Amino acid sequence: MPNCKLCLDKEADKPNSHIIPKFLGKRIFSSNPRYSIKVDRKGKSRKIQDISKESNILCKDCEKRLSHLETWNSRKITSINNYNNLKDNFELTNYGKNKILECLNVNPIGFKIFLYSMVWRCSISSLPEFESFELDNETEAELRTFLDEILKNSHTELINAISQLSEFPNYDYCMFKPLFRNDNTRGIFTAYRVDKFLFGIFTGDFIFFFFSNSKDIHPAYKLVSNYQNQKVIITLAGTDDWNSLNEKVIRKMLK
């Protein structure tokens, strides 16, 4: 059995690890139809009722350490999806045709680490659906080392460690979600390398863009980047813009 890809020490004895946390794919399978269609690179399709899982990439201890980070941020994702009913926790401003949601109760460092954990897992996965999501060796190693150091064996230890952080890898990332959450804005679920330094994770309700090199980031993305670590900001895209983002991915995949 291979060694865990996170700690590099213990055996990777954990079966069925989700590459992207299951709660982020909940909407894909929670409304009619309660399944999704998975299309492989040869164009063959089949129904699925769960997001991608991979065995023997993590040890059970590292899986548990990651779960503390995921549980903490799953509550934040739930609140973000319910921002209309939790107005004291958010600020909403206009941004052209779209809006900017500022999250007042989400720890920006903790959320950034959560994103890093997803980016790293997509990169180290050997599943065909993540084949094109491959960070350069230096970035992947930097994220692994950082995650191994910051992740702890309990929720309390994790919160304390994050509160004491003074230095950590800092990358640009942008986050998008639909302004209106309905059947017309249920997005796709995929992860792929968009450009040389740009990686996208699409989860149905959210789109995360991660930039491994900030020198090439487009000014429009820079304006809504979470490189700053003072608050989590999310672009709320109107229905047309949201669907256009998802459709661009589908067209590129079909090509």
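Remember, predicted model here, so these are calculated numbers, not experimental data.
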Quiz item: Is Asp148 close to Arg65 at the side-chain level, that is, under 4.5 Å between some pair of heavy atoms?
Solution: yes
Practice problem: Indicate, with yes or no, if Ile77 and Leu104 share a hydrophobic cluster defined by side-chain heavy-atom contacts under 4.5 Å among Ile, Leu, Val, Met, Phe, Trp and Tyr. | Solution: no
Practice problem: Would you confirm whether Ser244, through its side chain, and Asp241, through its main-chain N or O, come within 3.5 Å as a donor-acceptor pair? | Solution: no
Quiz item: ring-ring contact (aromatic ring centres under 6.0 Å, His included) with Phe199: which of Phe130, Phe133, Trp120?
Solution: Phe133
Exercise. Assess the side chains of Glu54 and Ser125: does a donor N or O sit below 3.5 Å from an acceptor N or O?
Key: yes
Quiz item: Do Ile188 and Asn246 have side chains that get closer than 4.5 Å, going by heavy atoms?
Solution: yes
Self-check item: Residues Asp205 and Arg186 bridged, charged N to O under 4.0 Å
Solution: no
Practice problem: Taking all heavy atoms of Cys62 and all of Cys7, pick out the closest pair and write down the distance. | Solution: SG-CB, 3.6 Å
Practice problem: Return the minimal non-hydrogen interatomic distance between Phe189 and Thr203, and the atom names on each side. | Solution: CD1-CA, 3.6 Å
Quiz item: Can you get from Leu8 to Ile150 by hopping between Ile, Leu, Val, Met, Phe, Trp and Tyr side chains that sit under 4.5 Å apart?
Solution: no
Practice problem: Could you tell me the separation between the CG atom of Asn184 and the CG atom of Asn243, rounded to the nearest 0.5 Å? | Solution: 7.5 Å
Quiz prompt | Exceeds 12 heavy-atom contacts within 6.0 angstrom, atom NZ of Lys231 | solution = no
Quiz item: Between Met118 and Ile201, is any pair of side-chain heavy atoms under 4.5 Å apart?
Solution: yes
Self-check item: Lys76 bridged to Glu70 by N-O distance under 4.0 Å
Solution: no
Quiz prompt | Met1 side chain reached by Asp13 side chain, heavy atoms, under 4.5 Å | solution = yes
Quiz prompt | Over 12 non-hydrogen atoms of neighbours within 6.0 angstrom of CD in Glu134 | solution = no
Quiz item: In the single-linkage hydrophobic clustering (I, L, V, M, F, W, Y; side-chain heavy atoms under 4.5 Å), do Leu165 and Tyr171 co-cluster?
Solution: yes
Exercise. State the NZ-NE2 distance between Lys53 and His18, to the nearest 0.5 angstrom.
Key: 5.0 Å
Self-check item: Check: Ala237 main-chain N/O paired with Trp242 side-chain donor or acceptor under 3.5 Å
Solution: no
Quiz prompt | Distance-only side-chain donor-acceptor flag, Asn229 / Lys112, under 3.5 Å | solution = yes
Exercise. Can you measure from OG (Ser117) to CZ (Phe146) and round to the nearest 0.5 angstrom?
Key: 10.5 Å
Quiz item: If we only count heavy atoms from C-beta on, is the Lys64 to His68 side-chain gap below 4.5 Å?
Solution: yes
Quiz item: Does one hydrophobic cluster hold both Phe197 and Phe208, with members joined at side-chain heavy-atom distances below 4.5 Å?
Solution: no
Self-check item: Plane angle bin for Phe209 and Phe202 - parallel if under 30°, tilted between 30 and 60°, otherwise perpendicular
Solution: perpendicular
Quiz item: Between Thr185 and Lys177, is any pair of side-chain heavy atoms under 4.5 Å apart?
Solution: no
Quiz item: Are the side chains of Pro21 and Arg121 in touch, meaning some heavy atoms are under 4.5 Å apart?
Solution: yes
Quiz item: Taking atom types as modelled and ignoring hydrogens, do the side chains of Lys196 and Asn213 form a donor-acceptor contact shorter than 3.5 angstrom?
Solution: no
Quiz prompt | Side-chain donor/acceptor of Thr145 to backbone N/O of Ala141, under 3.5 Å | solution = yes
Self-check item: Side-chain heavy-atom pair Leu6, Glu63 within 4.5 angstrom cut-off
Solution: no
Quiz item: So, Ser214 and Asp172: side-chain donor and acceptor under 3.5 Å apart, yes or no?
Solution: yes
Quiz item: Does the Ser74 side chain pair with the main chain of Thr71, one donor and one acceptor, at a distance under 3.5 Å?
Solution: yes
Self-check item: Under 3.5 Å donor-acceptor, His218 side chain and Ala220 backbone
Solution: yes
Quiz item: Glu140 side chain to Asn137 main-chain N or O, any donor-acceptor pair under 3.5 Å?
Solution: no
Quiz item: Is the side chain of Thr235 donor-acceptor paired with the backbone N or O of Phe176 at a distance under 3.5 Å, no angle test?
Solution: no
Quiz item: Can Ser79 and Arg75 be counted as having a side-chain donor-acceptor contact under 3.5 angstrom?
Solution: no
Could you pull out every donor-acceptor pair under 3.5 Å between side chains of residues 84-94 and any protein atom, sequence neighbours left out?
from	atom 1	to	atom 2	distance (Å)
Asn85	ND2	Asn82	OD1	2.7
Asn94	OD1	Lys99	NZ	2.6

Practice problem: Of all the heavy-atom pairs spanning Ile162 and Asn107, show the shortest one and how long it is. | Solution: CG2-OD1, 4.2 Å
Practice problem: Any chance you could measure Ser212, atom OG, to Glu138, atom CD, to the nearest 0.5 Å? | Solution: 10.0 Å
Quiz item: Do Tyr227 and Ile233 belong together in a cluster built from hydrophobic side chains that touch within less than 4.5 Å?
Solution: no
Practice problem: Identify the heavy atoms of Ala12 and Asn56 that sit nearest to each other, and give their distance. | Solution: O-ND2, 2.8 Å
Quiz prompt | Smallest separation among heavy atoms of Leu69 and Phe114, with atom names | solution = CD2-CA, 3.7 Å
